[in-house]
Amino acid sequence: MLHADKRALENNLMVSLIEIRQKELDFYTANCISIGTQAALLSGFAYAGIIQIAIPESCPDYLKAAYLSMTPPTMTVHLIALFNSTMCAMLGPGLALRGPDGSMHTAVDGMMVEYRVCFLFFVAGVVFFHFSAMLFTWTQWSWLIALPVTTVLFLFLYGIYSHFTRIYNKFQLQPGEMVDGRIVSPAEAAAVAGVILTAPQRQKDTEASQVIRDTQGASR
């Protein structure tokens with residue numbers, strides 16, 4: 001009877017730990033889906049700028065080359081962000097759901113890195129998009145029109161950068177402040193399970209923590 005109760009407690013503890021990491025997985029999955037949605041929209045705009053724009057014959061060749069050298073990479077960078085975010089949103093939860101023991105940790109840790117890569121590609125695509133729009137104005141109109149339009153687009157790009165840095169700095173976590181759902185000590189595990197450690201148990205906490213780390217490392 002006691003053995004069965006202990007096994008039930010262990011199982012309930014593992015379920016609680018998995019539920020904590022599931023919140024992290026849902027967070028990164030939602031981020032990837034959001035990035036993919038916006039990247040798909042901007043890549044469609046860039047594609048339209050390639051196939052539906054008629055460049056006047058009077059436009060200098062260097063402006064044509066500059067515009068056509070900037071617009072396809074704009075589409076490609078957004079497609080990379082779209083593809084990577086879609087793959088992460090599909091394969092990350094799939095690994096956590098159907099993988100062997102310890103797959104939840106592997107999936108969450110992988111999503112944590114990959115969604116940042118997707119975000120960097122998305123940011124690069126936004127910058128390329130603005131430069132492509134600036135070059136478009138120079139291929140279509142004279143400098144009297146292109147110059148003020150380019151200035152406005154540059155100011156918009158600077159506004160995006162200023163808002164991005166303001167919001168990022170407001171919510172940025174400093175090194176060492178980030179908390180994840182990985183349990184690294186019996187004290188944390190007991191806190192999740194609602195158990196109070198006795199004094200002898202606390203003395204063994206350091207040795208048990210190393211055992212937990214070794215077990216989690218082997219499961220990964």
Side-chain angles (χ1 to χ4, degrees), residues 20-53 55 63 65-93 107-181:
I20 294 175
R21 299 241 78 181
Q22 180 66 42
K23 294 180 180 179
E24 293 183 271
L25 185 65
D26 293 341
F27 168 74
Y28 293 125
T29 302
N31 286 344
C32 287
I33 293 175
S34 178
I35 292 173
T37 301
Q38 306 307 320
L41 177 65
L42 293 178
S43 66
F45 290 155
Y47 179 70
I50 299 173
I51 66 171
Q52 296 183 1
I53 298 301
I55 300 178
L63 286 178
Y67 175 73
L68 294 177
S69 297
M70 180 59 65
T71 306
T74 302
M75 180 188 68
T76 303
V77 169
H78 281 301
L79 286 177
I80 293 174
L82 170 61
F83 180 79
N84 288 358
S85 61
T86 302
M87 293 291 290
C88 290
M90 292 191 304
L91 299 183
V108 173
D109 294 341
M111 293 281 285
M112 187 186 306
V113 175
E114 293 299 330
Y115 106 90
R116 290 189 173 93
V117 175
C118 296
F119 181 72
L120 289 177
F121 275 108
F122 176 75
V123 171
V126 172
V127 175
F128 287 178
F129 185 85
H130 279 77
F131 280 109
S132 176
M134 294 177 192
L135 290 171
F136 171 76
T137 62
W138 289 91
T139 62
Q140 298 295 316
W141 301 291
S142 65
W143 70 272
L144 290 175
I145 300 176
L147 183 60
V149 174
T150 301
T151 303
V152 171
L153 288 172
F154 183 81
L155 291 176
F156 273 114
L157 182 61
Y158 178 77
I160 292 174
Y161 170 77
S162 62
H163 285 290
F164 169 79
T165 54
R166 177 181 59 83
I167 296 174
Y168 182 81
N169 292 330
K170 180 180 294 185
F171 297 105
Q172 180 185 16
L173 288 173
Q174 299 300 323
E177 293 181 347
M178 182 175 178
V179 179
D180 57 23

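Predicted model, so just to flag it, every value in this text is computed and none were measured.
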Interatomic distance, CZ@Arg116 vs SG@Cys32, rounded to 0.5 Å, equals 11.0 Å
How many angstroms lie between atom CG of Leu25 and atom CD1 of Ile20, to the nearest 0.5 angstrom? 14.0 Å
Please enumerate all residues that pass side-chain hydrogen bond (donor to acceptor under 3.5 Å, both in side chains) together with Gln22, with sequence neighbours excluded. Asp26
Is Val127 close to Phe131 at the side-chain level, that is, under 4.5 Å between some pair of heavy atoms? yes
For Thr74 versus Ala46, what's the shortest heavy-atom pair and its separation? CG2-CB, 4.0 Å
Which class fits the ring pair Phe164 and Tyr168: parallel under 30°, tilted 30 to 60°, perpendicular over 60°? parallel
Plane angle bin for Tyr115 and Tyr28 - parallel if under 30°, tilted between 30 and 60°, otherwise perpendicular: tilted
Rounded distance (nearest 0.5 Å) linking atom CG of Asn31 with atom CD of Glu114: 13.5 Å
Assess whether atom CZ of Phe136 is packed by more than 12 heavy atoms of other residues, nucleotides or ligands within 6.0 Å. yes
Is the shortest side-chain heavy-atom distance between Leu42 and Gln38 below 4.5 Å? no
Nearest non-hydrogen partners of Ser85 and Gly36, listed with the distance: OG-CA, 3.2 Å
Stepwise side-chain contact (heavy atoms from CB on, under 4.5 Å) check, Thr165 with Tyr161: CA-CA 6 Å; Thr165 54; Tyr161 170 77; 3.6 Å; yes
Would you compute the distance between atom CE of Met75 and atom CG of Leu82 and round it to the nearest 0.5 angstrom? 11.5 Å
Go through the steps for Ile80 and Asn84 under the test side-chain contact (heavy atoms from CB on, under 4.5 Å), then give the verdict. CA-CA 6 Å; Ile80 293 174; Asn84 288 358; 3.7 Å; yes
Please verify the inter-ring angle class for Phe122 with His78; under 30° counts as parallel, over 60° as perpendicular, anything in between as tilted. perpendicular
Over all heavy atoms of both residues, which pair between Cys88 and Pro93 is shortest? Give the atoms and the distance, please. O-CD, 3.4 Å
Can you tell if the side chain of Ile53 reaches within under 4.5 Å of the side chain of Gln140, non-hydrogen atoms only? yes
Within the side chain of Ser34, is there an N or O that forms a donor-acceptor pair under 3.5 Å with the backbone of Ala30? no
Given the rule in the side-chain contact (heavy atoms from CB on, under 4.5 Å) test, do Asp109 and Arg21 qualify, once you have shown the distances and angles that lead to the verdict? CA-CA 10 Å; Asp109 294 341; Arg21 299 241 78 181; 3.8 Å; yes
CG of Leu135 to CZ of Phe128: how many Å apart, nearest 0.5 Å? 12.0 Å
Taking atom OG1 of Thr71 and atom CZ of Phe45, what is their separation to the nearest 0.5 Å? 14.0 Å
Test item: Ile33 and Thr37 side chains (from C-beta on) under 4.5 Å apart, heavy atoms: yes
With heavy-atom distances below 4.5 Å as the criterion, would you say the side chains of Tyr67 and Leu63 are in contact? no
Taking every non-hydrogen atom, the tightest pair across Gly92 and Ala107: O-CB, 3.4 Å
